[in-house]
Trainee: 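Dumping the structure here so I can ask a few things about it.
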Amino acid sequence: MRWSRYFLYTLRDNPADAEVISHQLLARAGMIDKLAAGIYTYLPPGWRSIDKLMRIVREEMNAAGAVELVMPCIQPAELWQESGRWQAYGKELLRIKDRHEREFCFAPTAEEVITDTVRRRVTSYRQLPVNLYQVHTKFRDEIRPRFGLMRGREFLMKDAYSFHASAASLEEAYRAMEHAYRRIFDRCGLRYTAVEADTGNIGGSESHEYMVLADTGEDAVVACACGYGANLEKATTGRIAEMPAWPGQIPSAPEAVHTPGTSSVPDVAAFLHLQEPHLIKTMIFETDQEFVVALVRGDDEVNEIKLKNALGCTHLQLAAEAKVEQVSGGAMGYSGPVGLRGVRLVADPEVMRMPVAATGANRGDYHLVGVVPGRDFAADLVVDLRQARVGDPCPRCGSPLEIRRGIEVGHIFKLGTKYSKAMECHYLDAQGGVNPMIMGCYGLGLGRTVAAAVEQNHDEHGIIWPRPLAPFEAEVIALNPDDATVGQTAERLYGELQSAGVEVLFDDRDERAGVKFNDADLVGFPVRVVVGKKNAEQGLVELSLRRDRVKTPTPIADAAAKVRELLEQA
RNA sequence: CGGGGCGUAGCUCAGCCUGGUAGAGCACACGGUUCGGGACCGUGUGGUCGGAGGUUCAAAUCCUCUCGCCCCGACCA
């Protein structure tokens, strides 16, 4: 491909709205173009990268036994009503009506359609298992799209769905998908980690996320050298250290202490001459149907996802100040578990393990000191609520945990029978019994993976594509294409590389050397071939790898072969 | 949805506070010099100042409404 005949326009300035490096570089390198918030055109070179990833994904999915199909992205409301998600999904689901006022949505995912597709054909255990996938555009009406391809509203996703007659069969498919995902991300040259994850509103039991490690990642990942890894939302820890010894004796009943103007945990602890772990932190939440009081130790934070899962509710948020006062009968910042009535009390096990504590008195400017969990209040539910912290003991080996940032590029779930039950996707077993199929689903964000590759592979000059995702493997630059020797040499090399099967872009533009060099660095071709006048007259061209930018003069006759060698290292 | 900010040329922005001829750099076109790391000189093309209403002799500028976009907090591939 000749640059002069291609469609590649680089930008000198960063777009004003691009914040993260992958967004800036993809935009400046002429790979993506924003059309609306979270909605992008994949320009020709950008599409080449996406297409390359798509091929890798297809190869690995096919190798793992999955079969490709494509489902509609406009889906009828009826199916979503059948699964219950028409109500449950919320505003992220883009709902549309046709001219007859019939309701549809733009698919954010495809469990409903695939379940319908399978149930109308598969009726016997003999036809199972089935694993179907597609690569298609999805739409999620995100509250806040940002970071270019990393969090778009419209995005390309590979989504696969498997159907089974037994948990063992699902397990087999799940492991095959895990393996396929590792192969895909390994082939892309990404540094990533697979972690245990929350299943969110897709539902299901076991779930893993594939996180590309990058400081700009939106997710926090807890990791241990022993191999344990989990999304912070999900992470559990080993038993944390007991609270420090309580100063003085444990009173026979809680005492109310006047604590004017001190409502935060650090302030209260200092005022009472206690330490933060001596306090019980009381947070009041509001769900879709009730108020709930959550208790964690003073030095811990409530993990809202864990709380949400423990309650089995779909919406959860911190209660507003007025509601707090209504529920606790006291001012915000002075809530406590003692004497609360008419609300569910959910406590972290670490709280119930505290021999004695201080907490709010449900009365403005007062705290209770000497509260004994179990004696002075009882929890309706005791469940892990605490957010893991750096240095907490690993739940598997006890070593201190680390927390790192990651970009979620893939997510696999064991769905179980949530959709097959709701949508009557049944099969007959060998005994003639009717059973819901057991399902799994496996997502992988294509644009996000490409963006993640850029986050991990760039320098101050531009993108350094891993070869498998590079829009072109090599670039031939003719410095002065009008010079006969240069022009002929460049043409010759361009032809040789093409014949050798190298994906090569020929920069034949009438631009200054600096412009071409800067564009080459920005777009990030793994291998660069520069044909200049002086070198060419001596029968030489200059080869370099984008990665190290070390220039090597090479005889013209050897150049094409040498490019292929360099590509092996790129 | 709550809080903050921005919409002026293809791109990055100035002008707005204090109303009076719409600007710069880059890009683009032409001429010349230059040419291995984003050249220089000259000439030129290009803008209903996001949109609608209002105030005013006069609005990019002041007011109201609206649309779009971005940033900070709760969702997800």
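Within every chain, numbering begins at 1; the chains are lettered A, B, ... in the order of the sequence lines, protein sequences first and strands thereafter.
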Trainee: In whole angstrom, what separates N518(A)'s CG from A39(B)'s P?
Mentor: 8 Å
Trainee: Taking the six-membered ring for Trp, is the centroid-to-centroid distance between H136(A) and F155(A) below 6.0 Å?
Mentor: no
Trainee: Are more than 12 heavy atoms, taken from residues, nucleotides or ligands other than R55(A), located less than 6.0 Å from that residue's CZ atom?
Mentor: no
Trainee: Touch check for K516(A), heavy atoms < 4.0 angstrom, all strands: base, sugar-phosphate only, or nothing?
Mentor: nothing
Trainee: Roughly, in whole Å, what's the span from CD1 in I305(A) to P in C76(B)?
Mentor: 7 Å
Trainee: So if I take every side-chain heavy atom of V515(A) and compare against A74(B), A39(B), A77(B), which nucleotide ends up nearest?
Mentor: A39(B)
Trainee: Going by a 90° cut-off around 0, is U61(B) syn or anti?
Mentor: anti
Trainee: Could you check which residues of residues 524-537 of chain A get a heavy atom under 4.0 Å from RNA chain B? Sort them by number, please.
Mentor: R528(A), G532(A), N535(A)
Trainee: Produce a footprint string for nucleotides 22-34 of chain B: one letter per nucleotide, 5' end first; B if the base is under 4.0 Å from any protein heavy atom, S if only the sugar-phosphate is, - if neither.
Mentor: ---BSS------B
Trainee: Pick base, sugar-phosphate or nothing for E19(A), based on heavy-atom distances below 4.0 Å to the nucleic acid.
Mentor: sugar-phosphate
Trainee: Report the relative orientation of the aromatic rings in Y89(A) and W80(A); use parallel for angles under 30°, tilted for 30 to 60°, perpendicular for over 60°.
Mentor: perpendicular
Trainee: Look at the side-chain N and O atoms of R146(A) and state whether any lies under 4.0 Å from the OP1 or OP2 oxygen of C71(B).
Mentor: no
Trainee: Hey, does the side-chain of R151(A) have a donor or acceptor N/O within less than 3.5 Å of a partner on the base of C75(B)?
Mentor: yes
